[in-house]
Amino acid sequence: MTWLLATILVPLVGAAVVAGMKKNDRLATLTALGVSILTFLLVIPLWASYVPSGDRIQQKSSMDWIPNFGVHISFGIDGIALVMIAVIALLVPIVVGSLGLTDKLPAGRTAGGYLSLILVQQSLTIAVFAATDVFLFYVLFEIMLIPMYFLIGGYGGANRQYAAVKFFLYSFLGGLIMLASAIGAYSMASDELGKGTFDWETLVTVVRDAPTGTQIWLFLGFFLAFAIKAPLVPFHTWLPDAAGQAPIGVAVLLVGVLDKVGTFGFLRYCLPMFPEASKELAPWVLVLAVAGVLYGSILAAGQRDMKRFIAYVSIAHFGFIALGIFTFNEQAMVGSVSYMLNHSLATGMLIVVVGLIVMRGGSTKISDYGGMAKVTPLLGGMLLIAGLSTLSLPGTNSFISEFLVLLGSFVDYPVYTIIATVGMVLAAAYVLWLYQRVMQGPVRGDALIGAGGGPGTAIAPELGATKAIKDLGGKEIAILAPMVVLIIALGFYPKPVLDTITPSVQATMSSVQGGK
C-alpha cells in the first residue's frame with residue numbers, strides 16, 4: 001500500500017459509507033467532509049515522499065488485470081500528476097463544505113447521494129492522473145464520466161438533462177477514438193516485442209520510433225479525446241452548457257479539475273509517445289490554441305450569465321495552456337503546467353464566489369445585480385481577488401504561469417504569442433466589467449432591493465421567499481480562505497510548485513527531442 005493508493009481508495013470507501021446515509025443529511029455532510037479532509041492530509045506525505053530529481057514515475061504499484069493482453073492495474077505519479085492530485089484534494093473539501101452555502105439540493109434529493117458521487121468523482125479523477133497503464137487510463141477516462149453525468153443531470157439547472165447528455169456523448173466519443181489509437185499502439189508493441197502491452201513506459205520506447213505517418217494517425221486519436229476534454233476550440237461546445245447547468249460545487253470540479261485531464265493527456269501521452277507527430281502537427285494545434293484565447297475572451301465579454309461567463313473564460317485560459325505545451329519550449333511548458341494548477345485555484349474560487357452571490361440574489365444573470373459591494377463588502381472583496389487572479393495580475397498565482405508561457409513561446413512562435421497577448425488585454429476588460437456590473441454603482445435590479453450600505457433584501461423566485469442579504473459568515477470565509485492564501489502565496493513564492501514540475505517537464509521535453 002503506497003500513499004498514492006491510499007489517496008485513491010479513501011474517497012472511494014468514503015463514498016460507499018456516505019451513500020448509505022440517505023436519511024441524515026447532516027451526518028452525511030460531516031462524514032464526507034471528514035473523508036475529503038483525510039484525503040487532503042494523505043497528499044501531504046505523498047508530496048513529501050516525492051523526489052523531483054528521482055525516477056520519472058514514483059509511488060509505483062501494479063497488479064495483473066488481464067494478463068493475456070498485457071493489461072495491468074498500474075499507478076504511479078510524476079510531478080505533473082502530483083500537482084493535479086493535490087489540487088483536487090484541496091478543492092473537494094471546499095465543495096463538500098460549501099453545500100448549503102452555494103447550492104441547495106433539489107427536492108427529493110439527499111446529501112448522501114450527492115456527496116457520495118462527489119467522492120467517487122474524486123477517486124476516479126485521482127486514479128486517471130495516476131494511471132500508468134494505457135488501457136487502464138482509457139477505462140478510467142470513460143468511467144469518470146458517469147458520476148459527473150449524474151451530478152449534472154440529477155442536481156443541475158432547468159436544462160440539466162440536455163447538458164449532461166451533451167457532456168457525456170462528447171467525451172465518450174473522444175474516448176472511443178482514443179481506444180482505437182491505443183489498440184494501434186498495442187499492436188505495434190506486439191510486432192516489436194513479440195507480445196502486446198499497454199504499459200506506458202514500454203509503449204513510449206516502442207511507438208516513438210514509428211514512421212511519422214503512423215505516428216500522426218495514432219496521435220490524432222489521443223489528441224481528439226484530449227482536445228474535447230480540455231476543451232480546445234472547436235471541440236469546446238459542451239462546456240458552456242455543462243458548466244452553466246451544473247451545481248456550483250460540481251462546476252468547481254468540472255472546470256477546475258476534470259478539464260485538466262485533457263491538457264495532462266497532451267503531456268503524458270501525445271508528446272512522449274508521438275514526438276514526430278507532435279512536432280509535425282504543432283502549428284495546427286497552435287492555431288487552435290490562439291483561436292481559443294481570442295474566441296473565449298470575446299464571448300466571455302458578451303455573456304449575460306455568470307456561470308457561462310466563467311466557462312468561456314476557461315476556454316481562453318486553456319488556449320494559453322495549449323500554447324505553452326505545443327511550442328516545445330521548457331519555460332513555456334513549465335508555465336502551462338503551473339497554469340493548470342493556478343487556473344484551478346483562480347477559477348475554483350471564482351465559481352464559489354459566484355455561487356455565494358447567486359444564493360443571495362437568486363439569479364445567475366449579471367444584469368440582475370448592481371452595487372452589491374455596498375451591502376456585502378467582504379463578498380465584493382472576494383470577487384475582486386478571484387477576478388484579479390483570473391486576469392493574472394502580478395502578485396497573484398496566475399501571473400507567473402502566464403508570464404512563463406508567453407516568455408517561452410515568444411522564442412520560436414512570436415506571432416502566435418503576440419496574438420495571444422491580446423487575450424490578456426481582453427481578460428482585464430471582461431473581468432473588471434463583471435466586477436463593476438455586479439459590485440459597483442447604484443444598487444439595481446429585481447434581485448436586490450434596498451441601498452444605503454445596510455442589509456438589503458434578496459428575492460429568490462425559485463425559493464418562493466424573500467430573505468435578508470448578509471455578508472460573508474464564518475463558514476463562508478473558512479471555505480474561501482485556503483484559496484485566498486494560495487493565490488497570494490503562490491503569487492509571491494511559486495518555487496515549491498515550479499521545483500516539483502520542472503524535472504517532469506524536462507523528461508517530457510527529452511522524450512520529444514529524442515524522437516526519431
Side-chain angles (χ1 to χ4, degrees), residues 15 18-19 22 25 28-29 32 91-92 95-96 98-122 124-125 142-175 228-229 231 235-259 261 299 303-315 347-348 350-352 354-359 361-366 368 447 460-464:
V18 172
K22 296 182 178 180
D25 284 357
T29 302
L91 290 178
V92 169
V95 168
V96 174
S98 66
L99 182 60
L101 301 176
T102 60
D103 290 303
K104 293 291 185 182
L105 294 174
R109 302 287 183 175
T110 65
Y114 175 78
L115 295 174
S116 63
L117 288 172
I118 293 288
L119 292 176
V120 170
Q121 189 69 66
Q122 180 184 28
L124 293 174
T125 306
E142 298 287 46
I143 290 179
M144 68 185 292
L145 303 177
I146 297 175
M148 184 56 65
Y149 169 81
F150 285 111
L151 284 167
I152 298 172
Y155 300 88
N159 295 320
R160 59 185 179 273
Q161 293 297 333
Y162 168 78
V165 170
K166 189 174 183 180
F167 157 78
F168 185 89
L169 290 180
Y170 267 65
S171 296
F172 184 72
L173 176 61
I228 292 172
K229 182 69 73 177
F235 310 105
H236 68 285
T237 58
W238 63 269
L239 180 61
D241 292 316
Q245 294 300 315
I248 290 296
V250 176
V252 169
L253 299 183
L254 177 66
V255 182
V257 182
L258 262 69
D259 291 354
V261 174
L299 264 69
Q303 292 305 305
R304 300 179 180 181
D305 183 279
M306 285 186 278
K307 292 168 74 174
R308 290 179 69 88
F309 166 86
I310 296 172
Y312 282 107
V313 169
S314 295
I315 290 170
T347 304
L350 185 59
I351 294 173
V352 172
V354 165
L356 296 174
I357 293 171
V358 172
M359 284 295 285
S363 172
T364 61
K365 291 185 177 181
I366 298 171
D368 285 343
E462 73 280 1
L463 301 178

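Predicted model only: the values in this text are computed from it and were never measured.
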Inset, instruction - In sequence, state the C-alpha distance, the side-chain angles, and the governing distance for Ile152 and Phe168, and then conclude on side-chain contact (heavy atoms from CB on, under 4.5 Å). - result: CA-CA 10 Å; Ile152 298 172; Phe168 185 89; over 6 Å; no
Inset, instruction - Check the pair Lys307, Val358 against side-chain contact (heavy atoms from CB on, under 4.5 Å), reporting the backbone distance first and the verdict last. - result: CA-CA 10 Å; Lys307 292 168 74 174; Val358 172; 5.7 Å; no
Inset, instruction - Start with the C-alpha gap between Thr110 and Leu105, add the side-chain angles, then the distance that decides, and say whether side-chain contact (heavy atoms from CB on, under 4.5 Å) holds. - result: CA-CA 7 Å; Thr110 65; Leu105 294 174; 5.6 Å; no
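Scanning all heavy atoms of the two residues, the minimum distance from Leu239 to Ala311 falls at CD2-O, 3.8 Å. Contact detail for Leu117 and Pro147: the closest heavy-atom pair is O-CB, 3.9 Å.
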For residues 242-254, dump all side-chain donor-acceptor pairs below 3.5 Å to protein atoms at least two apart in sequence or in another chain.
from	atom 1	to	atom 2	distance (Å)
Gln245	OE1	Ala158	N	3.2
Gln245	OE1	Asn159	N	2.9

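Judged by distance alone, with hydrogens and angles left aside, the side-chain atoms of Gln122 form no donor-acceptor pair with the main-chain N or O of Ile118 at under 3.5 Å. Remark: the backbone N or O of Ser171 is not paired with any side-chain donor or acceptor of Trp238 at under 3.5 angstrom.
Considering only residues two or more places apart in sequence or on other chains, Asp241 meets the side-chain contact (heavy atoms from CB on, under 4.5 Å) condition with Tyr162, Ala163, Lys166, Arg308. With sequence neighbours excluded, the residues satisfying side-chain contact (heavy atoms from CB on, under 4.5 Å) with Ala19 are Ser116.
Between Leu115 and Val96 there is a side-chain heavy-atom pair separated by less than 4.5 Å. Contact check for Tyr114 versus Asp103: side-chain heavy atoms found under the 4.5 Å cut-off.
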